[in-house]
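Contents: one structure, followed by commentary.
Each chain gets a letter, A, B and so on, in the order its sequence line appears, and its residues count up from 1.
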2 protein chains.
Amino acid sequence: MPDTRPSARELIAAHGGRVTRARVAVLEVLGSAHTPLSHEGIASALEEGGETFDRVTLYRTLEWLVEQGIATRIAGSERAWNFELVDRHGHHHAHFHCQRCGRVTCMEEVAPALAGALPPGFSLAQAELVLHGACAECNRS
Amino acid sequence: MPDTRPSARELIAAHGGRVTRARVAVLEVLGSAHTPLSHEGIASALEEGGETFDRVTLYRTLEWLVEQGIATRIAGSERAWNFELVDRHGHHHAHFHCQRCGRVTCMEEVAPALAGALPPGFSLAQAELVLHGACAECNRS
DNA sequence: TTGCTGATGCAACATTGTAGCATTTGTGCG
DNA sequence: CGCACAAATGCTACAATGTTGCATCAGCAA
């Protein structure tokens, strides 16, 4: 078993970028995450895996991933971005931000139908629907 | 004509706050703006009107306005908040962020119907739909 | 292996937002 | 009106997030 997640290196190379330690590691972290991660979250996950990178490198790596269309960034809790891979689904789903526990959950179900609703002349590149409230777990307690 | 915009002072007093220079000025700026404004935008507008305030005062004033339900803050361009009065419409409309000119436009028409679409257990406090693309004016050129 | 260029790491800085605290200023009351 | 008290302001200092410049390192191809 040479590699349990072969796509990471290939994915990077396919986009014309160099296969570096940072990119592979970040991709693996994002790939195994269930929710969007912040810079801090990614850094922590990397450290747990025994890899540390400069803060700037992380920013640049993520910037590159977003440019390449490999990842997207969504507005997370207060003034920081969260990152998420854009693989299976067409990356057009809403995000739910729990105001109590701060977690961000992907809502596959909620996809507002807004095509054609824009005023004439406007062109849509990306939509970002963020819902704020309390998640199921927090509501239980 | 003692006051062309009498509501500002009254609005503040009605919420149990002191009628200060900062609050009146900020309310007037927001009231006469056609689009959501950032901290910086508000500060500039105030300066043009001959009024200057400390950066911290502005933050606290806006925080207070949001707490009182007089204004709302929406995610604007890169990592800064934009503020907007919450008067006429029930403040449930989407915002369009033009990636070329950076302006934020209110889209009264686009209001995604997402009530009842949340998974069980989740409760919604606020929805924030931000559309990114090119506005009509930018598309013309 | 070698060389070129992209990627990294470091330091310094920019922007956005907060906390603590002394001073000022609305507001109600005598 | 003048006073006193609390709310609001304006510093300063700091925290968090993100960016820029530049010297060094390391993928990748020849």
Hey, does the side-chain of R55(B) have a donor or acceptor N/O within less than 3.5 Å of a partner on the base of dG17(C)?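 Donor-acceptor pair under 3.5 Å: yes.
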Assess whether one donor atom and one acceptor atom, taken from the side chain of R18(A) and the base of dA7(C), lie less than 3.5 Å apart.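 There is none.
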Rounded (10°) bend between the five-pair end axes of the helix from dT1(C)-dA30(D) to dG30(C)-dC1(D):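 Taking the rotation axis at each end, their angle is 20°.
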Check: Y59(B) and E63(B) side chains under 4.5 Å, non-hydrogen atoms: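 They are not in contact (no side-chain heavy atoms under 4.5 Å apart), so the answer is no.
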Close side-chain approach of T72(B) to L85(B), heavy-atom, < 4.5 Å: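 A side-chain contact is absent here, since even the closest heavy-atom pair is not under 4.5 Å.
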Rounded interatomic separation in angstrom, taking [atom1] from [X] and [atom2] from [N]:
{"X": "W64(B)", "N": "dT9(D)", "atom1": "CH2", "atom2": "C1'", "result": "15 Å"}
{"X": "I12(A)", "N": "dC28(D)", "atom1": "CD1", "atom2": "C1'", "result": "14 Å"}
{"X": "L46(B)", "N": "dT9(D)", "atom1": "CG", "atom2": "C1'", "result": "14 Å"}
{"X": "N82(A)", "N": "dG18(D)", "atom1": "CG", "atom2": "C1'", "result": "15 Å"}
{"X": "H15(A)", "N": "dG6(C)", "atom1": "NE2", "atom2": "P", "result": "18 Å"}
{"X": "L62(A)", "N": "dA7(C)", "atom1": "CG", "atom2": "P", "result": "14 Å"}
{"X": "E63(B)", "N": "dG10(D)", "atom1": "CD", "atom2": "C1'", "result": "16 Å"}
{"X": "R23(B)", "N": "dT27(C)", "atom1": "CZ", "atom2": "P", "result": "10 Å"}

What's touching nucleotides 9-11 of chain C from the protein side, N or O pairs under 3.5 Å?
from	atom 1	to	atom 2	distance (Å)
dG9(C)	OP2	D54(A)	N	3.4
dG9(C)	OP2	T57(A)	OG1	2.7
dG9(C)	N7	R60(A)	NH2	3.2
dG9(C)	O6	R60(A)	NH2	2.5

Every protein N/O lying under 3.5 Å from an N/O of nucleotides 28-30 of chain C:
none

Any idea which of dG26(C), dT19(D), dA13(D) is nearest the Y59(A) side chain?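 From the listed options, dT19(D) comes nearest.
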Answer yes or no: is there a donor N or O on one side and an acceptor on the other, between the side chain of R23(A) and the main chain of R18(A), under 3.5 Å?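 Such a contact is found between R23(A) side chain and R18(A) backbone.
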For the backbone of F53(A) and the side chain of T57(A), can you confirm whether one donor and one acceptor N or O come within less than 3.5 Å of each other?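 Checking the backbone N and O of F53(A) against the side chain of T57(A), no donor-acceptor pair under 3.5 Å is found.
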Considering just the side-chain nitrogens and oxygens of T61(A), establish if one lies under 4.0 Å of OP1 or OP2 belonging to dA7(C).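 No, T61(A) has no side-chain N/O under 4.0 Å of OP1/OP2 on dA7(C).
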Should W81(B) be listed as having a side-chain N or O under 4.0 Å from OP1 or OP2 of dT16(C)?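 Checking W81(B) against dT16(C): no side-chain N or O falls below 4.0 Å of OP1 or OP2.
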Heavy-atom closest contact (L62(A) atom, H39(A) atom, distance):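 Nearest heavy atoms, L62(A) then H39(A): CD1-NE2, 3.5 Å.
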Could you tell me which non-hydrogen atom of H15(A) sits nearest to which non-hydrogen atom of Q68(A), and how far apart they are?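 Residues H15(A) and Q68(A), closest heavy atoms: CE1-O, 3.2 Å.
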Interatomic spacing from [atom1] in [X] to [atom2] in [Y] - rounded to 0.5 Å:
{"X": "W81(A)", "Y": "S38(A)", "atom1": "CH2", "atom2": "OG", "value": "13.5 Å"}
{"X": "I42(A)", "Y": "L30(A)", "atom1": "CD1", "atom2": "CG", "value": "4.5 Å"}
{"X": "R60(A)", "Y": "L58(A)", "atom1": "CZ", "atom2": "CG", "value": "11.0 Å"}
{"X": "L65(A)", "Y": "I12(A)", "atom1": "CG", "atom2": "CD1", "value": "7.5 Å"}

Is there a path of hydrophobic side-chain contacts, each under 4.5 Å between heavy atoms, that joins L11(B) and V19(B)?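 Yes.
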Return yes when atom CD of E40(A) has more than 12 non-hydrogen atoms of other residues, nucleotides or ligands closer than 6.0 Å, and no otherwise.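 It does not: E40(A) CD has 12 such atoms or fewer within range.
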